[in-house]
Structures are given as structure tokens and as C-alpha cells.
Amino acid sequence: MHVGTSSRICPFHIIMKNQQKQQTNPRATLSRLLDMGETQLIIDLFDNVEIDTPEEVVSAEEYTPVNTDALNKLEWELKSDGGCQRCKLWSGRNKIVFGVGDPNAKIMFIGEAPGGDEDRIGEPFVGRAGQLLDKIFAAMSLSRKRGIYIANILKCRPPGNRDPERDEVEACMPFLLKQIELIRPEVICCLGRVAAQNLLDTDLTLGKLRNVIHNFRELPVLVTYHPAYLLRNPAGKRAVWEDMKQLLKLAGLPLPNEG
Ligand code: URA
């Protein structure tokens, strides 16, 4: 896959509210201003990341039919015969949202459950939060086609986007476990409290779960803010970028140049 230079631009772009002026060394300026207690900053982290979506070219060595075939079979198992009815969510769903990404992904992101857009389209994180997530991936020089796989704790949308219930998680978890086993990523990243609590079987708060390397079946797991939270609280993007750099390190992938 070709990743154009535009995907590698520094994701830090700071706008001073009063001056509307882009700084030349935004990262250094950001830390200096934060150190000085500057309160009038809008941090546009990730907003200027451009996403390249050229045609994917997968080389013969990269293509692993075993993973791809096994994932396709698992998806078929979930969707065949009118679709899974292992929990009550089947009656209200539109589409089953299996998961998407590189079958050889080094980083696997796990969200909570499909929302309205995902239920309509059948792919995880396709709404506004998903668009922000794609920018975060691009800032990492990765994409859904290269290096990343995304799935959710639940494959069907809970009514009104309520939190997943225990019986639903229990019914759906075997599919996520199989996805993790087949992809065998280097590291997992839980997006938000609900994903983390269900995967790690804990009731710790997000504050306690972040900045810790957890262990799930011998795999390191990091927890970061859900992109929907970042849409409401853009200042959290700075912490998320630190989490993404830690993820890249754990995955053995290069850190992007921050200019
Ligand atoms: N939120 C999630 O947790 N998952 C999605 O797929 C979409 C929104």
C-alpha cells in the first residue's frame, strides 16, 4: 500500500483563539503554552491530517489466505441463515457489524457496539467518530487497510445506543475472541470505558484504566478515550496522541515524525 506524504504531516495544529495564527513549530509551542498555563488554546489535533485512500496493492508475502479465509468463515457463521440470534439484539438490528481491517493487523482497536450509522452500513466506526478515528490512524501512518483491524464488543446495535447488557456480551464475546485469535495483533486498544470494562472484565473507571498496560490472553492492551468523547472534548486529543505513540511502540511500528 502506498501512503502518501500527506498522511505523514504533523497532526499538531494549534490555533490561538485571538490571533488565529498557525505556529511554525506547533508541538514545541503547544507544550510551552500549556506549561505557561495558556487557557485560550483550541487544539486542532488530527483535524488537518489528510487521508489517502489509493488502491491497495498487497504483495504475495503479505497476503495470508489462512487468516482471511478463517475470518470470512467466521463472518459467514454470524450472518448466515438470516443472521445470529444468540441474544435479543437480533430483532432490532438492521445489519450485523462484524469488523473490518487488515487480517494481518499489528494493532486491533475494539469499540463498544455499532451505532445508527454502523447498523445501517454494516461496518464499525463509519459515523463522525469513525471519521475522526480514520484521521488518528492516518496520523499514525496506518489505515483500516494497512496495519489496523477494528471490531466491537457487540456486533449488533443496542436500542437507543444503550450500554451492552451482560447476556449480550456473553453471547457475542466468542466471536470477538476468535477474531483476536485469528488476527493475533501485537497490541489491542480499547476505545472507551465500556469496551475496556467488558474486554478486561473489570469495573474500574476510564481514569484508572488509562496509562496502564493491561494483559489479555498474553497480549498487551491499552485503553484510550472513545472518539465520540473526543468530538465533545477536543482537548482529550492530546492524551490520545500520547496513547497512540505508546501503541505504535508496543506494536513495534515506527513513530511518525512530529516535525
Ligand atoms: N461506537 C463504537 O463503539 N463502535 C462503533 O462501531 C461505532 C461507534
Side-chain angles (χ1 to χ4, degrees), residues 46 51 71 74-75 78-79 83-84 87 89-90 92-103 105 107-138 142-145 147-166 168-173 175-180 183 185 187-206 209-210 214 216 221-234 236-237 239-240 243-244 247:
F46 308 124
I51 299 171
L71 280 167
L74 187 67
E75 184 168 2
L78 200 59
K79 292 184 175 175
C84 176
C87 83
L89 293 179
W90 73 270
R93 74 165 174 243
N94 194 13
K95 288 209 168 139
I96 295 176
V97 180
F98 177 69
V100 73
D102 180 350
I107 306 179
M108 183 163 176
F109 283 84
I110 299 179
E112 174 180 335
D117 291 324
E118 292 75 21
D119 175 67
R120 195 166 40 81
I121 293 168
E123 183 170 326
F125 287 99
V126 288
R128 275 186 69 226
Q131 287 160 21
L132 173 56
L133 198 55
D134 283 337
K135 289 182 177 185
I136 296 174
F137 297 157
L142 297 172
S143 71
R144 293 175 191 232
K145 291 185 173 178
I148 281 175
Y149 191 92
I150 322 175
N152 281 310
I153 297 285
L154 295 186
K155 311 291 188 229
C156 297
R157 182 192 186 194
N161 298 338
R162 63 152 168 76
D163 282 0
E165 292 178 355
R166 180 155 285 278
E168 296 157 0
V169 175
E170 277 170 11
C172 217
M173 193 54 94
F175 289 93
L176 180 62
L177 295 181
K178 192 76 190 164
Q179 284 170 301
I180 296 171
I183 293 156
V187 57
I188 291 175
C189 181
C190 291
L191 295 166
R193 174 187 61 83
V194 174
Q197 288 181 338
N198 282 293
L199 187 79
L200 301 171
D201 195 18
T202 175
D203 52 13
L204 287 175
T205 61
L206 188 76
L209 289 164
R210 273 196 66 246
H214 305 272
F216 182 77
V221 177
L222 289 189
V223 179
T224 195
Y225 293 115
H226 194 285
Y229 168 85
L230 293 183
L231 292 173
R232 300 188 301 271
N233 301 281
K237 292 177 185 177
V240 168
D243 294 340
M244 296 305 107
L247 264 187

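Every number for a ligand or one of its atoms is a count from 1 in the order of the listing. Residue indices begin at 1 and follow the sequence shown.
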Would you please name every residue forming a ring pair (Phe, Tyr, Trp, His ring centres under 6.0 Å) with Phe98, sequence neighbours left out? none

Val223 and Leu200, any side-chain heavy atoms less than 4.5 Å apart: yes

Are side-chain heavy atoms of Leu176 and Asn198 found at a separation under 4.5 Å? no

Exceeds 12 heavy-atom contacts within 6.0 angstrom, atom CG of Asp203: no

Give the residues near ligand 1 by chain and number, with the criterion being a heavy-atom distance under 4.0 Å. Gly111, Glu112, Ala113, Glu118, Pro124, Phe125, Asn152, His226

State, yes or no, whether a side-chain contact exists between Ile110 and Leu191 at a heavy-atom distance under 4.5 Å. no

Centroid separation Phe109 to Phe137 less than 6.0 Å: yes

